[in-house]
2 protein chains.
Amino acid sequence: MVKRRKSKVVPPPSTCLLRECTRLISGAWTADVIWYLHEGERCFTELQTDLQGVSAKMLTIRLRKLEQDGVVQRLTKLTAPPTVWYSLTSAGHELCGALTNVVEIAQRLKRAQAVGA
Amino acid sequence: MVKRRKSKVVPPPSTCLLRECTRLISGAWTADVIWYLHEGERCFTELQTDLQGVSAKMLTIRLRKLEQDGVVQRLTKLTAPPTVWYSLTSAGHELCGALTNVVEIAQRLKRAQAVGA
DNA sequence: CTGTATCCTTGGCGATACTG
DNA sequence: CAGTATCGCCAAGGATACAG
């Protein structure tokens, strides 16, 4: 059953250019995954440790989405206990760099706020 | 009543540096507000029109938060029907620039994805 | 080890009505 | 015009258990 009250799930494409793009880094843990992957190749449990508090479910979802978006690469190594390694693509590294700029500005704003208030 | 089951609202400050920063641009319409404000000073209803679909409540919340974060400025003009003008601070413009970089990368990734799939 | 499936809670956000 | 207050829905995401 669809159950639409008015017209909820309406994606007006005009103003959504930005939203489509911010969707790339939206969601809990997304930025964190990119951040920790920037430090180098990591396997699943390592990431889960790094992100301290993320559930396996969310980590999987985020990694799948980022892989699909071309931000991270998945590499299965057929070792005795098979492990999977994740790393950033070149675009992923670029994205991380751009994100870093945002973070810097955010930090500066936070400091300014702390001084001001 | 606080009602904690395990230890839900735990804000471990170590890994949360990034989250604190991404929090700045998180939430529906936040990026859009910054985006449209970048084009110049806008009043409340103009923004509401620009953002096509935002409720007054959310717009107010976003503007208040962005103002509090030092991203936007609020200026009340005591005209006959009093109007309020919003604009980006200098930091806000920087933030918008940084966001633009992210958007560019996101667009490129989207094109690559369209080609690849 | 690396996930996947299910259940359940929380709060983000839309809708609506009211105020100065 | 520029908000504020209240209600309610729904989806994001945490917890847990299970699978390859």
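Note that the structure is a prediction, hence the values are computed from the model and not measured. A, B, ... follow the sequence lines: proteins, then strands. Residue 1 opens every chain.
Atom pair Lys65(B):NZ and dG11(C):C1' shows a separation of 15 Å (rounding to whole Å applied). Whole-Å rounding puts the Leu51(A) CG to dG13(D) C1' distance at 14 Å. The separation between Arg42(B) atom CZ and dA2(D) atom P is 12 Å, rounded to whole Å. Whole-Å rounding puts the Ile25(B) CD1 to dG12(C) C1' distance at 17 Å. When the P atom of dC13(C) is taken as reference, atom CG of Asp32(B) falls 11 Å away, rounded to whole Å. One can place CG of Leu47(B) at 10 Å from P of dA2(D), the figure rounded to the nearest angstrom. As rounded to whole Å, 13 Å separates atom C1' of dT16(D) from atom CD of Gln48(A). Here the P atom of nucleotide dG3(D) and the CD atom of Glu46(B) are 13 Å apart, to the nearest Å.
Here Thr30(A) pairs with Arg62(A) under the side-chain hydrogen bond (donor to acceptor under 3.5 Å, both in side chains) rule; sequence neighbours left out. The side-chain contact (heavy atoms from CB on, under 4.5 Å) test applied to Ala28(A) returns Arg19(B), not counting sequence neighbours. Residues passing the side-chain hydrogen bond (donor to acceptor under 3.5 Å, both in side chains) test with Lys110(A), sequence neighbours excluded: Glu20(B).
Sorted by first and then second residue, the pairs that involve residues 80-95 of chain B and meet salt bridge (Lys or Arg N to Asp or Glu O under 4.0 Å), not counting sequence neighbours, are Arg108(A)-Glu94(B). Listed by first then second residue, pairs satisfying ring pair (Phe, Tyr, Trp, His ring centres under 6.0 Å) with a partner in residues 44-89 of chain A number zero, not counting sequence neighbours. Residue pairs satisfying the side-chain hydrogen bond (donor to acceptor under 3.5 Å, both in side chains) criterion with at least one member in residues 66-80 of chain A, sequence neighbours excluded, are listed as follows: Lys65(A)-Asp69(A).
Between Trp29(A) and dG14(D), a side-chain N or O to OP1/OP2 separation shorter than 4.0 Å is present.
For the segment residues 76-89 of chain A, the set of residues with a heavy atom within less than 4.0 Å of an atom of DNA chain D is empty. Near DNA chain C, meaning a heavy atom under 4.0 Å away, the residues from residues 53-64 of chain B are Ser55(B), Lys57(B), Met58(B), Arg62(B).
Between Asn101(B) atom CG and Thr100(A) atom OG1 the span is 11.5 Å, to the nearest 0.5 Å. Distance CD1/Ile61(B) to CG/Leu66(B): 11.5 Å, rounded to 0.5 Å. Separation of atoms CG (Leu63(B)) and CZ (Arg42(B)) is listed at 12.5 Å; rounding is to 0.5 Å. For the atom pair CG of Leu47(B) and CD of Glu41(B), the computed distance is 10.5 Å after rounding to the nearest 0.5 Å.
Fit an axis to the five pairs at each end of the helix from dC1(C)-dG20(D) to dG20(C)-dC1(D) and the two axes sit 50° apart, to the nearest 10 degrees.
Glu46(B) places a side-chain N or O within donor-acceptor distance of the main-chain N or O of Cys43(B), the cut-off being under 3.5 Å.
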